[in-house]
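Note that this is a predicted model, so its numbers are computed, not measured. Note that ligands are numbered from 1 as they come in the structure, with each ligand's atoms numbered from 1 the same way.
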Amino acid sequence: MNIVGINAVFHESAAALIVDGKVVVACEEERFNRIKHAKEARVGTPHVLPVQAAHFCLDYAGLKASDIDRVAYSFDPALRSAEFRAEWWPDSKLEAEFLQRLGKVSDATAALLGRKLGRALKFVPHHLAHAASAYYPSGFDPAAILVVDGIGEAACSTLLRGEGARIATVETFSYPHSLGFVWEQASVHLGFSPYDAAKVMGLAAYGDPEALRREFAAVIQVRKDGYAVDPKAFDPRGLEALFGPSRRPEAVILPHHMNIAAALQAATDAAVIALLHRLERQVGGQNLCVAGGVALNCVTNTLMRQASTFSQIFIPSAPHDAGTAIGAALAAHCAERGAIRPPPSGATPYLGPEFDEREVLAAVKAAGLTPRRCKDAAPEAADMIADGNIVGWFQGRMEFGPRALGNRSLLADPRRPDTRAILNRRIKHREDFRPFAPSVLAEHADEWFEIGPPTASNEYMLFAYMAKADRCERIPAVIHQDGTARVQLVRREANPRYHDLISRFYARTGVPLVLNTSFNDSEPIVCTPSHAIATFRGTGIDALFMGDICLTSQA
Ligand SMILES: [Fe+2]
């Protein structure tokens, strides 16, 4: 059975294809249409489907539209209608418009595949899709599942239980109790975009979480067994009443702003830990799966590992809305009568497009550049990094999820104190307070960072681990203000070529890690060789390796 999964309801539009329960391919629409997050999160666009991503999925698998048995959409309009409360939005027309556009999803899907789907179109509840994206690939059985995001149909946080092929909802925390929305509003209050939770998370390390703890308790009220959110926080005036005027985007970041971020991080940590304890009591067991946009918060994730009785944790590489494309498809597969749980698949971020040498050379030629073929790109790139160069590393299948994990990455020397400034100034054009992350050889990670018990999710850059005190000085470019690093473990089996590169860097320098940041400059991460070449030419990247084809800035 061939099932296309689609996320398009709010943002992070994405498509995935599962064949007989196996995740074959998944990718985000933003990588094709070059619009960050694919589209604006407006009520008027749930029917705007990730058309390019979906077509790519079919092409990748060699399938035609007529081969598709089901399309699974990660939002359920009927559930929304049943659970929506008029008092949620001040403007009642908004909800009417949202439902009306959701009604067009069926036609949009028919246009996508060139035929009417009828009952083959499945609407999967949003948090069920999130939960499925973590539970089925995890391989855990049974598992307690925690979903925390902005909002699904009504639920903002959901506790679930997975067993065999079945996922059951245990409890939901509905609107307005949305931690995701608090982060969006706080990001705007701090002068960033609603999508800039990662910036706020980075800023939090500079602030004092105690300074505004009392004030923030009015926004997120944490109790022993849960939390509540005051919806006044969703109105800009609500936050201004508590914390003073919003910061203008161009204004200086003051200690006060850092303290707001720190208080938000602390309150979020406490709320999620309270949810976790509730999940321990209601479901229990050894295995925990986590998804939802809030699961991109590596500080909270790390605390979850330390503060819970669950001994195993799995968070997918795309815990945010894009991942619901995979989750919806897997949930639809398992909902079929008599379906047994498919063997775990999709627990790899490398699910996107790849390009062979012919395609790379064609792109190089079209750009009018002169390529050089190297014998082996990995050691050559490692040597260039050790010599202080910034290297574009474009290899194999593109990552699914917001982090570049060694296939669409910019790599640099973690030992140089000036690496951060050089990257920010020449290429990334981003704020100096934001940290850069390391990719470390899995077999040496414990020697450099306080890594907890093993988890596959250590390979997705989802946890912030303390660096060992005697190591910090040697790798200043990847250590954040609070002494942590958002580590990616690299196993040879998971990414042999990337592992080779870091191994060579280790052999030369005695440091088993490189700085890894996403291959982009304020745009979506590069997808094709042409995107990579354009970013290479437009910025201060010293060398670009695509497969074994190398371009250097002198050329
Ligand atoms: Fe979501």
| request: Please say which of Gln100, Glu95, Glu97 ends up in a side chain to side chain contact (heavy atoms under 4.5 Å, CB included) with Val43. | output: Glu97
| Sub-6.0 Å ring centroid separation between Trp89 and Tyr175 | yes
| request: State, to the nearest 10 degrees, the angle whose vertex is the Fe ion (ligand 1) and whose arms point to OD2 of Asp149 and NE2 of His126. | output: 100°
| query | Hey, is there an N, O or S on His130 sitting under 2.8 Å from the Fe ion (ligand 1)? | reply | yes
| task | Indicate, with yes or no, if the rings of Phe243 and Phe216 have centres closer together than 6.0 Å. | result | yes
| request: State the atom name: nearest N, O or S atom of Asp321 to the Fe ion (ligand 1). | output: OD1
| said: Would you say the ring centers of Phe98 and Phe75 fall short of 6.0 Å from each other? | reply: yes
